[in-house]
Amino acid sequence: MGDCEVQQDSDRVSTYPPPGTYVKISGRLRNFKGQRSLLATNVRCPEDVNEITSHMLEVVQAHMQLFGKVLCVIKRCSHREGISFQDLKRDLGYLSITDIR
């Protein structure tokens with residue numbers, strides 16, 4: 001991930017949690033000239049520790065779904081020498097090189 005920018009209403013007073021505190025951030029992901037950033041529209045402390053556990057499970061699930069797509073393309077390859085990275089990138093064009101690796 002790249003930078004995180006917090007968009008703040010001018011009439012709201014914000015206090016930031018101390019370093020090391022878990023926070024939940026809602027916002028929009030942006031990609032400009034290959035640089036990823038997050039425009040945070042809401043930053044808050046979790047109300048329940050289960051929010052952290054739930055997030056970790058969501059991350060694992062997303063990783064497994066992504067890995068499954070890459071693995072499926074690799075297994076479909078009938079060439080004895082396997083699939084080239086260029087062919088993998090072509091078949092998974094919606095994923096970045098970083099995501100494929």
Side-chain angles (χ1 to χ4, degrees):
M1 183 50 119
D3 299 324
C4 179
E5 174 185 328
V6 179
Q7 189 175 37
Q8 187 174 327
D9 294 335
S10 58
D11 58 340
R12 287 180 63 185
V13 176
S14 295
T15 58
Y16 293 99
T21 303
Y22 283 106
V23 293
K24 183 171 185 172
I25 300 174
S26 302
R28 289 179 291 184
L29 291 173
R30 300 187 297 184
N31 188 350
F32 181 71
K33 294 184 179 180
Q35 181 68 26
R36 292 181 184 177
S37 64
L38 171 68
L39 177 60
T41 55
N42 184 24
V43 179
R44 68 172 182 80
C45 291
E47 296 172 8
D48 185 336
V49 72
N50 288 327
E51 288 185 58
I52 299 166
T53 304
S54 177
H55 173 71
M56 295 298 178
L57 291 171
E58 290 169 352
V59 169
V60 169
Q61 180 185 23
H63 175 76
M64 295 305 292
Q65 286 175 338
L66 180 64
F67 180 73
K69 291 175 183 177
V70 174
L71 188 59
C72 183
V73 171
I74 292 171
K75 285 182 175 181
R76 269 197 332 243
C77 179
S78 60
H79 301 297
R80 183 171 169 225
E81 66 275 0
I83 190 168
S84 70
F85 191 76
Q86 288 78 19
D87 290 341
L88 198 57
K89 175 62 179 143
R90 182 196 66 229
D91 292 350
L92 297 166
Y94 55 92
L95 295 177
S96 71
I97 292 173
T98 303
D99 291 336
I100 293 172
R101 289 186 179 184

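Everything quoted here is computed from the prediction, not taken from an experiment.
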* Asked: Can you hop from Phe67 to Leu88 via hydrophobic side chains spaced under 4.5 Å?
  -> no
* To do: Would you mind reporting whether Ile83 and His79 have side-chain heavy atoms less than 4.5 Å apart?
  => no
* Asked: Taking all atoms of both residues into account, what is the closest heavy-atom pair of Val43 and Ala40, and its distance?
  -> CG2-CB, 4.2 Å
* State the CD1-CG distance between Ile52 and Leu57, to the nearest 0.5 angstrom. => 12.0 Å
* Do the side chains of Glu58 and His55 get nearer than 4.5 Å, heavy atoms only? -> yes
* Find out if a path of hydrophobic residues (ILVMFWY) with successive side-chain heavy-atom gaps under 4.5 Å connects Leu66 to Leu92. => yes
* Structure fact -> Heavy-atom nearest pair, Lys24 first then Pro46, reads N-CD, 4.4 Å
* Asked: Do Val70 and Phe85 belong to the same hydrophobic cluster, where Ile, Leu, Val, Met, Phe, Trp and Tyr are linked whenever their side-chain heavy atoms lie under 4.5 Å apart, directly or via other members?
  -> yes
* Asked: Is any side-chain heavy atom of Tyr94 less than 4.5 Å from a side-chain heavy atom of Lys69?
  -> yes
* Residue Phe32 excluded, over 12 heavy atoms near CZ under 6.0 Å -> no
* Exam field: side chain Thr41 to backbone Ser26, donor-acceptor pair closer than 3.5 Å -> yes
* 4.5 Å side-chain heavy-atom contact, Gln65 and Gln61 -> yes
* Just how far is it from atom OG of Ser37 to atom CG of Leu29, taken to the nearest 0.5 Å? -> 8.0 Å
